[in-house]
Amino acid sequence: MAKLQPVRGTRDILPEDMRRQRAVVDACRRLAERYGYHEMATPVFEFTDVFRRTLGETSDIVTKEMYTFPVSEEGDSVTLRPEATAGVARAFITNGLQQDLPQKLFYTGPMFRHERPQKGRLRQFHQVDVELIGVAQPVGDVEMIALARHFLREIGLDSDRITLEINTLGDLESRQAYRQALVDYFQQYADRLSDDSRARLHRNPLRILDSKDPGDRRLVADAPQFDDYLNRESKDFFRQVLDGLRTLGISYEINPRLVRGLDYYSHTCFEFTTDQLGAQGTVLAGGRYDGLIEQMGGPSTPGIGWAAGVERLAMLLSQAPQPPRPIAVVPAGEGQEAMALDLTQKLRQQGFPVELGYTGNLRKRLKRADRVNARAAVILGEDEAAKGSATLRDLDSGEQETVALDALGARLAQLG
RNA sequence: GUGGCCAUAGCUCAGUCGGUUAGAGCGCAUGGUUGUGGUCCAUGAGGUCGCGGGUUCGAAUCCCGCUGGCCACCCCA
């Protein structure tokens with residue numbers, strides 16, 4: 001701990017940033033409710049097994065990218081959640097929610113990943129997350145994507161800034177056949193693969209398709225196509241998803257290199273990307289996880305969901321939302337201080353945002369009213385106070401008028 | 001985890017070949033105005049030059065280590 005600074009990869013969220021992030025989260029929550037999704041929450045940490053059993057013991061993710069702490073002599077350990085879905089799935093099982101399907105859930109909160117930080121890639125970050133559990137039909141995938149698109153549009157990200165990339169991973173049978181074909185193909189060129197991709201050959205061969213190495217890309221060009229290994233059911237499913245998107249007028253690009261490495265994923269996977277965030281261009285990502293709940297030890301239940309990084313989206317907002325413009329109550333002299341305090345409280349109880357300057361003369365308090373972007377100032381002077389009225393100064397126009405105190409609320413409500 | 005670039009006031013930045021009191025703009029404070037904000041004018045506060053070590057008569061400046069940020073890779077559940 002070298003200095004008084006936040007831990008690497010964490011940061012303070014000051015009010016302006018907080019407003020941006022809240023605009024993102026509030027928009028998502030509002031829309032999710034419109035689609036019939038209900039907010040829930042789970043703890044920020046879980047027994048490590050919750051994540052380990054779904055991700056696999058040896059993956060990079062488990063071995064070096066989670067925050068894991070021992071909690072008992074017997075070897076129990078807990079992990080700060082790296083994403084929301086595993087916790088939601090655990091809660092689904094714990095609470096027996098399979099009795100009440102489908103579950104349509106909205107989620108937001110902080111997540112933790114022990115990765116090297118970059119812009120838009122923090123170690124503590126926030127996500128919004130939507131899950132639809134218990135729907136096996138393609139219409140579920142379509143609704144998910146429609147909600148995602150609607151949400152991104154709602155916060156000002158239109159088609160010219162955002163691309164929907166979509167792919168299918170097929171069902172388990174199709175995917176395993178394809179994976180084997182890929183391994184067979186790349187195996188014969190193993191000596192020509194990059195070091196990274198040679199390591200991926202057994203750990204996660206699908207990832208080779210997305211390699212940035214030029215040599216790898218030449219080999220990828222002639223690699224087996226997923227399309228040739230998809231069985232009829234998988235093709236039908238994907239076609240129905242795409243048909244649904246066309247029905248809704250949602251444009252997309254099929255990206256055959258868009259993959260997920262873990263076995264519980266199936267069928268649809270998709271990402272919304274932007275070219276405005278460098279290499280961290282994925283702004284929202286999701287897919288179908290029909291095998292997850294079963295793999296975790298629950299009843300076989302299909303699911304689909306997506307998550308989006310709040311910080312990344314907040315960075316893309318063209319401007320920070322402004323806080324509401326307050327009314328400033330300004331006593332002209334010491335004799336009016338108590339009256340000002342009382343009036344301030346009355347106006348607040350009527351629903352107005354009100355700033356009461358704490359110190360200083362009239363000039364200083366008006367200066368402060370200006371700095372907080374007040375819409376108007378209510379000036380309580382000796383003369384007016386004696387008559388039960390106040391001077392109302394419109395801080396945009398500079399115009400002033402005398403208003404009786406009991407008419408003040410009605411008059412303020414007329415201001416724009 | 002690997003490689004590269006960077007770190008000077010609250011913010012954005014300048015600082016020559018290593019040279020003695022480290023600057024600007026914005027912001028902030030006070031006054032011009034004891035009952036009137038924004039504009040303007042004046043004055044002022046604010047710096048371990050990221051931290052630690054080294055070279056040197058002398059280091060913000062050169063060298064090494066560390067911390068942090070950014071960029072790319074790995075990874076992206």
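All of these numbers come straight from a predicted model, not from anything done at the bench. Every chain is numbered from 1 and lettered A, B, ... according to where its sequence line falls, protein lines coming before strand lines.
Here A/Gly287 lies out of heavy-atom contact (under 4.0 Å) with every strand. Nucleic acid contact class of A/Arg81 (heavy atoms, under 4.0 Å, all strands): none. Note on A/Asp196: only backbone sugar-phosphate atoms sit closer than 4.0 angstrom, heavy atoms only; bases stay farther off. At the heavy-atom level, A/Tyr289 lies nowhere under 4.0 Å from the strands shown.
Within the shown strands, nothing qualifies as a pairing partner of B/C74 under the Watson-Crick or G-U definition with both distances less than 3.5 Å. Figure legend. B/U48 is base-paired to no nucleotide; pairs are counted as Watson-Crick or G-U wobble with both atom distances under 3.5 Å. Across every strand in view, B/C40 sits in a pair with B/G32 that passes the Watson-Crick or G-U test at under 3.5 angstrom.
A donor-acceptor contact under 3.5 Å is formed by the side chain of A/Asp370 with the base of B/G37. You won't find any donor-acceptor pair under 3.5 Å spanning the side chain of A/Arg363 and the base of B/U36, going by distance alone. Scanning atom types as modelled, one donor and one acceptor separated by under 3.5 angstrom connect the side chain of A/Glu384 and the base of B/G35. For a distance-only test at 3.5 Å, the side chain of A/Arg116 qualifies as a donor-acceptor partner of the base of B/U2. On a pure distance criterion of 3.5 Å, no polar donor-acceptor pair joins the side chain of A/Arg8 and the base of B/G69. On a pure distance criterion of 3.5 Å, a polar donor-acceptor pair joins the side chain of A/Arg113 and the base of B/A77. Judged by distance alone with a 3.5 Å cut-off, a donor-acceptor contact links the side chain of A/Arg121 to the base of B/C75. In this model, no side-chain donor or acceptor of A/Gln5 finds a partner on the base of B/U67 within 3.5 Å.
Side chain of A/Thr391, nearest nucleotide from B/U36, B/A77, B/C70: B/U36.
Counting heavy atoms of neighbouring residues, nucleotides and ligands inside a 6.0 Å radius, atom CD of A/Glu253 does not exceed 12 of them.
Taking the six-membered ring where the residue is Trp, the centroids of A/Tyr189 and A/Tyr185 are separated by under 6.0 Å.
Comparing B/G27 with B/G68, their C1' atoms are spaced 25 Å from each other, to the whole Å.
Taking 4.0 Å as the cut-off between side-chain N and carboxylate O, A/Arg52 and A/Glu46 do not count as a salt-bridged pair.
The CG atom of A/Leu356 lies 8.0 Å from the CD atom of A/Glu337; values are rounded to the nearest 0.5 Å.
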